[in-house]
Q: 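Shown below is the structure under consideration.
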Amino acid sequence: EAVMYEHPDSALGVLQGMKVPAVSDKLQNATWALLTVQAKYKNYKEELADSTLINIAYDYFMKQNNPQRKAMVLYYKGVLYEKADKKNEAQESYLKAIEEVEKTKDYQLAHLIYSSIGNIYLYNSLNEYALQMFKQSLHYAKLSENKNYICSAYYDLGKVYSVLFDFDNSIKYYKEAIQMAETLHNNGILINGVFHEAIQSDTASFKCDKCSLKDFCEGIGTSTLSYFPLCEHLTNDKLMVFVNRGNVNIKTEDITQSKV
């Protein structure tokens with residue numbers, strides 16, 4: 001459990017390699033089930049079948065006087081509800097998790113819960129509520145001193161301020177995310193942040209020299225790929241991106257692709 005946040009792959013390997021605790025040992029069995037779900041999620045290997053494991057943890061820990069475990073169980077139950085596309089159930093589970101995590105000093109978990117509920121509110125166009133959740137997410141990320149979580153929280157705030165048409169604050173937080181992502185070598189947030197910050201600002205152009213065009217296109221997501229139909233054919237070209245309020249032009253050494 002101690003290495004879960006920094007080395008989730010090692011944690012998963014240990015959990016999968018150990019003998020599963022006996023069902024009669026309810027504490028150890030529930031702990032193993034919960035940590036296995038957590039490790040799989042952090043390694044992007046969660047699956048709907050993990051609901052069986054989280055239910056084992058839920059049935060045990062929700063009867064105990066342990067707010068941290070309750071919050072953790074409710075958070076991962078929400079994660080699996082989301083994976084099953086059950087947004088309402090996920091939201092309910094996250095809200096219950098907030099009640100429990102506020103009784104603890106597990107700031108990393110608190111960040112994750114607030115971020116998740118914020119994204120559900122954003123999905124449902126409850127933008128002001130999402131803003132409050134993302135502010136709390138940043139608050140707890142800073143308390144946790146986890147730089148990746150702080151970076152992610154800045155990005156979420158940039159995103160929600162953009163939806164609220166508060167472009168000054170959106171650009172401010174995207175810039176914070178970009179600066180931190182550069183030091184962390186977090187290309188996902190770096191690429192997204194650079195793109196969205198530039199498309200809202202008055203800057204005529206920016207250079208994305210830390211990624212290939214393919215990386216850039218994958219990073220900004222499928223909803224934007226229609227702008228860049230040649231992305232899938234490119235691999236390692238460095239790029240210059242020119243943005244001017246809706247007119248996006250990508251230039252590499254070999255091609256220029258533009259779409260208004």
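Computed from heavy atoms alone, side chains included, the values below leave out hydrogens, waters and symmetry copies.
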Q: Between T31 and L27 (side chain of the first, backbone of the second, donor and acceptor by atom type, cut-off under 3.5 Å), is there such a pair?
A: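 Yes: the side chain of T31 pairs with the backbone of L27.
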
Q: Answer yes or no: are there more than 12 heavy-atom neighbours, outside K86 itself, under 6.0 Å from its atom NZ?
A: no

Q: Is the shortest heavy-atom distance from the side chain of M180 to the side chain of I150 under 4.5 Å?
A: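 Yes, their side chains come closer than 4.5 Å.
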
Q: What's the separation between atom CG in L138 and atom NE2 in H111, rounded to the nearest 0.5 Å?
A: 9.0 Å

Q: Throw together a table of side-chain donor-acceptor distances under 3.5 angstrom for residues 119-126, partners on residues two or more places apart or in other chains.
A:
residue, atom, partner, partner atom, Å
N119, OD1, K159, NZ, 2.9
N119, ND2, S115, O, 3.0
N124, ND2, I120, O, 3.4

Q: What is the distance from atom OG of S170 to atom CG of L157, rounded to the nearest 0.5 Å?
A: 9.5 Å

Q: With sequence neighbours left out, write down each residue that passes side chain to side chain donor-acceptor pair (under 3.5 Å) with Y75, or none if nothing qualifies.
A: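 Not a single residue meets the side chain to side chain donor-acceptor pair (under 3.5 Å) criterion with Y75.
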
Q: Apply ring pair (Phe, Tyr, Trp, His ring centres under 6.0 Å) to Y81 and list each qualifying residue two or more places apart in sequence or on a separate chain.
A: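 Here no residue qualifies.
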
Q: Which heavy atom in S137 sits nearest to a heavy atom in A153, and how many Å separate them?
A: OG-CB, 4.0 Å

Q: Pick from Y161, Y155, F167: which one makes a ring pair (Phe, Tyr, Trp, His ring centres under 6.0 Å) with Y174?
A: Y155

Q: Can you measure from CG (L184) to NZ (K147) and round to the nearest 0.5 angstrom?
A: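 Between atom CG of L184 and atom NZ of K147 there are 7.0 Å.
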
Q: Show every donor-acceptor pair shorter than 3.5 Å between a side-chain atom in residues 52-67 and any protein atom, with sequence neighbours excluded, or say none if there are none.
A:
residue, atom, partner, partner atom, Å
N55, OD1, K77, NZ, 2.5
N55, ND2, S51, O, 3.1
Q64, NE2, Y60, O, 3.2
N66, OD1, Q68, N, 3.3
N66, OD1, R69, N, 3.2

Q: Donor-acceptor pairs under 3.5 angstrom involving side-chain atoms of residues 96-104: please list them, not counting sequence neighbours.
A:
residue, atom, partner, partner atom, Å
K96, NZ, E92, OE2, 3.4
E100, OE1, K103, NZ, 3.4
E102, OE1, Y140, OH, 2.7
E102, OE2, Y114, OH, 2.4
E102, OE2, Y140, OH, 3.2
T104, OG1, V101, O, 2.8
T104, OG1, D106, N, 3.1

Q: Under the salt bridge (charged side-chain N to carboxylate O under 4.0 Å, His left out) definition, can you give me all pairs with a residue in residues 114-139, not counting sequence neighbours?
A: none

Q: Atom CD1 in I113, atom CD in Q136: separation rounded to 0.5 Å?
A: 12.0 Å

Q: Just how far is it from atom CG of N146 to atom SG of C151, taken to the nearest 0.5 Å?
A: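 With rounding to 0.5 Å, CG (N146) is 10.5 Å from SG (C151).
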
Q: Is the shortest heavy-atom distance from the side chain of Y94 to the side chain of E82 under 4.5 Å?
A: yes

Q: May I ask you to decide if K172's main-chain N or O and Y154's side chain share a donor-acceptor pair within less than 3.5 Å?
A: no

Q: Just so I know, are the side chains of L112 and Y149 near enough to count as touching, which here means a heavy-atom distance under 4.5 Å?
A: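 Side chain of L112 against side chain of Y149, heavy atoms only: contact under 4.5 Å found.
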
Q: Does W32 reach the side chain of T36, with side-chain heavy atoms less than 4.5 Å apart?
A: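 Answer yes - side chains close enough.
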
